[in-house]
Amino acid sequence: MVIEWLKFRVESDHREAFIQADDAIWTTALSTYPGFLGKAIWLAPDDPAALILIIQWASRAQWKAIPEADLAVIEQRFDQAFEFDYDMIESKEFQVRRFATVPAQT
């Protein structure tokens with residue numbers, strides 16, 4: 001599994017509108033592509049303008065197979081959903097490493 005980690009800065013009075021538009025537009029669109037596993041939004045209690053989006057993908061290849069033209073159309077729809085500014089201030093990628101479980105000794 002691969003994690004797409006995105007950090008946004010959105011004024012706190014626009015935060016809920018951003019979250020709703022993200023769910024309706026980005027999450028709905030991404031869920032139609034193979035490999036999309038889910039998404040979570042983390043809110044920082046000490047920084048109400050910070051939003052962290054955690055997108056889970058089955059593989060990096062599936063994530064990166066989404067055509068750039070499709071992403072551009074989705075982004076345009078998202079940006080037209082509201083009339084306020086937001087900034088993506090950081091993006092990262094993580095690979096999830098799972099450890100083998102050891103059976104309990106009897």
Side-chain angles (χ1 to χ4, degrees):
M1 179 172 33
V2 175
I3 301 295
E4 179 183 5
W5 185 98
L6 306 172
K7 183 175 185 178
F8 288 89
R9 180 146 307 281
V10 180
E11 292 301 322
S12 59
D13 54 332
H14 298 301
R15 182 170 75 180
E16 191 58 32
F18 181 94
I19 291 169
Q20 294 297 323
D22 177 75
D23 184 56
I25 297 168
W26 274 109
T27 306
T28 298
L30 294 177
S31 68
T32 67
Y33 292 94
F36 178 81
L37 299 176
K39 185 179 200 176
I41 297 179
W42 295 353
L43 307 176
D46 61 339
D47 185 359
L51 294 174
I52 307 291
L53 280 62
I54 307 296
I55 304 100
Q56 300 168 320
W57 297 97
S59 72
R60 187 176 198 278
Q62 288 174 309
W63 168 27
K64 296 300 182 176
I66 301 172
E68 288 294 325
D70 292 7
L71 295 173
V73 168
I74 300 164
E75 184 173 9
Q76 183 179 27
R77 283 183 49 225
F78 183 72
D79 286 344
Q80 291 174 347
F82 37 72
E83 296 183 8
F84 57 83
D85 293 329
Y86 67 90
D87 294 308
M88 183 192 306
I89 57 175
E90 197 171 356
S91 67
K92 298 179 183 182
E93 175 183 338
F94 296 92
Q95 181 177 0
V96 176
R97 164 94 163 61
R98 291 204 168 102
F99 292 93
T101 55
V102 179
Q105 295 185 10
T106 55

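Sequential numbering from 1 along the given sequence is applied to the chain's residues.
Applying the side-chain hydrogen bond (donor to acceptor under 3.5 Å, both in side chains) test to Arg60 and every residue at least two apart in sequence or in another chain returns Glu93. Residues satisfying the side-chain hydrogen bond (donor to acceptor under 3.5 Å, both in side chains) test with Thr27, not counting sequence neighbours, are Lys39. Scanning for side-chain hydrogen bond (donor to acceptor under 3.5 Å, both in side chains) contacts around Glu16 gives Gln20, with sequence neighbours left out. Asp47 meets the side-chain hydrogen bond (donor to acceptor under 3.5 Å, both in side chains) test with Arg9; sequence neighbours excluded. With sequence neighbours left out, Pro48 forms a side chain to side chain contact (heavy atoms under 4.5 Å, CB included) with Ser12, Arg15.
Other residues sharing a hydrophobic cluster with Ile54 under the 4.5 Å side-chain heavy-atom criterion for ILVMFWY residues are Met1, Ile3, Trp5, Leu37, Trp42, Ile52, Phe94, Val96.
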In a table with atom names and distances, give each donor-acceptor pair under 3.5 Å that connects a side chain of residues 80-92 to protein atoms at least two apart or in another chain.
unit_1	atom_1	unit_2	atom_2	d
Tyr86	OH	Asp79	OD1	2.4
Glu90	OE2	Lys92	NZ	3.3

List the atom pairs, donor and acceptor, that lie under 3.5 Å between side-chain atoms in residues 63-76 and the rest of the protein, sequence neighbours left out.
unit_1	atom_1	unit_2	atom_2	d
Trp63	NE1	Glu4	OE1	3.3
Asp70	OD2	Tyr33	OH	2.6

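Residues Ile41 and Phe8 are not in side-chain contact: their nearest non-hydrogen atoms beyond the backbone lie 4.5 Å or more apart. Taking the side chain as every heavy atom from C-beta outward, Leu43 and Ile19 approach each other to under 4.5 Å.
The two atoms that bring Ala50 and Lys7 nearest to each other are CB-CE, 4.2 Å, heavy atoms only.
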